[in-house]
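Heads up, the thing below is written out as structure tokens.
Protein chains get the first letters and strands the later ones, always in sequence-line order, with residue 1 at the start of each. Excluded from the calculations below are hydrogen atoms, water molecules and symmetry mates; all remaining heavy atoms, backbone and side chain alike, are included.
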Amino acid sequence: EAGVTQFPSHSVIEKGQTVTLRCDPISGHDNLYWYRRVMGKEIKFLLHFVKESKQDESGMPNNRFLAERTGGTYSTLKVQPAELEDSGVYFCASSQGTPLANYGYTFGSGTRLTVV
Amino acid sequence: KNEVEQSPQNLTAQEGEFITINCSYSVGISALHWLQQHPGGGIVSLFMLSSGKKKHGRLIATINIQEKHSSLHITASHPRDSAVYICAVSGLTFGEGTQLTVNP
């Protein structure tokens with residue numbers, strides 16, 4: 001079974017530009033999560049999709065971040081315009097169901113975003 | 001103060017030593033995960049716990065729901081165990097991680 005795939009693996013962009021990160025969950029996993037780890041800090045939850053619906057987006061930092069999951073398959077996370085503090089590693093994870101207590105989840109390798 | 005606290009932050013051990021990493025949390029819990037992140041690599045989920053104890057190879061994870069505490073133990077540690085170990089509560093709140101270095 002293919003794992004959770006994220007791309008690009010690395011992205012370097014200038015402040016003010018737009019970047020779109022993509023996550024392909026494990027096939028059949030309805031639940032998709034986005035997380036971010038800023039240098040030196042703990043991983044922070046961004047949002048949770050159940051199929052194409054946003055179940056919980058309480059962790060989204062501001063309206064420069066837009067996540068979509070059209071069709072309930074892959075998801076994109078767009079940052080527009082990017083700021084220096086957006087630099088970090090963005091992780092995606094997917095799970096077959098909820099609650100996580102019953103299902104657990106699988107992480108992707110992450111996208112390292114550097115805003116210069 | 002973080003809602004999920006890990007200790008120690010850094011740990012250096014000699015190959016073969018028994019290692020314990022601790023996680024205390026103050027938030028509500030449905031499940032606690034122990035994750036492993038290698039340098040430059042992705043994150044691997046090691047354990048998911050909602051009660052008791054789990055064992056996988058040389059790794060053992062325990063959780064005490066009443067005390068809001070979990071531990072990850074590594075027996076007979078090996079240099080390939082060197083990584084960051086992260087405690088995550090209910091998929092929402094993460095500890096800062098423990099950097100483990102096992103020297104040969």
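At most 12 heavy atoms of other shown residues, nucleotides or ligands fall within 6.0 angstrom of atom CD in B:Gln9. Shown here is A:Lys54, whose NZ atom has more than 12 heavy atoms of other residues, nucleotides or ligands within 6.0 Å. The 12-atom threshold is not exceeded at CD of B:Glu67, counting heavy atoms of other residues, nucleotides or ligands nearer than 6.0 Å. For CD of B:Glu96, the number of neighbouring non-hydrogen atoms (other residues, nucleotides, ligands) closer than 6.0 Å is greater than 12. Around atom CZ of A:Arg22, more than 12 heavy atoms belonging to other residues, nucleotides or ligands sit under 6.0 Å away.
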**Request:** May I have the step-by-step check of side-chain contact (heavy atoms from CB on, under 4.5 Å) for B:Gln37 and A:Phe91, ending in yes or no?
**Result:** CA-CA 12 Å; B:Gln37 184 179 22; A:Phe91 291 100; 3.3 Å; yes
**Item:** Working for side-chain contact (heavy atoms from CB on, under 4.5 Å), residues B:Met48 and A:Tyr105
**Value:** CA-CA 9 Å; B:Met48 178 181 64; A:Tyr105 51 2; over 6 Å; no
**Prompt:** Can A:Glu42 and B:Gln6 be said to form a side-chain contact (heavy atoms from CB on, under 4.5 Å), step by step?
**Reply:** CA-CA 11 Å; A:Glu42 69 273 19; B:Gln6 285 186 236; over 6 Å; no
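B:Leu11 and B:Leu59 fall within the same hydrophobic cluster, where Ile, Leu, Val, Met, Phe, Trp and Tyr residues are linked whenever their side-chain heavy atoms come under 4.5 Å apart, directly or through other members.
Aromatic pair A:Tyr35/B:Phe94: ring centres closer than 6.0 Å.
For B:Leu35, the part lying under 4.5 angstrom from a heavy atom of chain A is the side chain only. Neither the backbone nor the side chain of B:Leu49 has a heavy atom closer than 4.5 Å to any heavy atom of chain A.
Residues B:Ile43 and A:Ile43 have side chains in contact (heavy-atom distance under 4.5 Å, counting atoms from C-beta outward).
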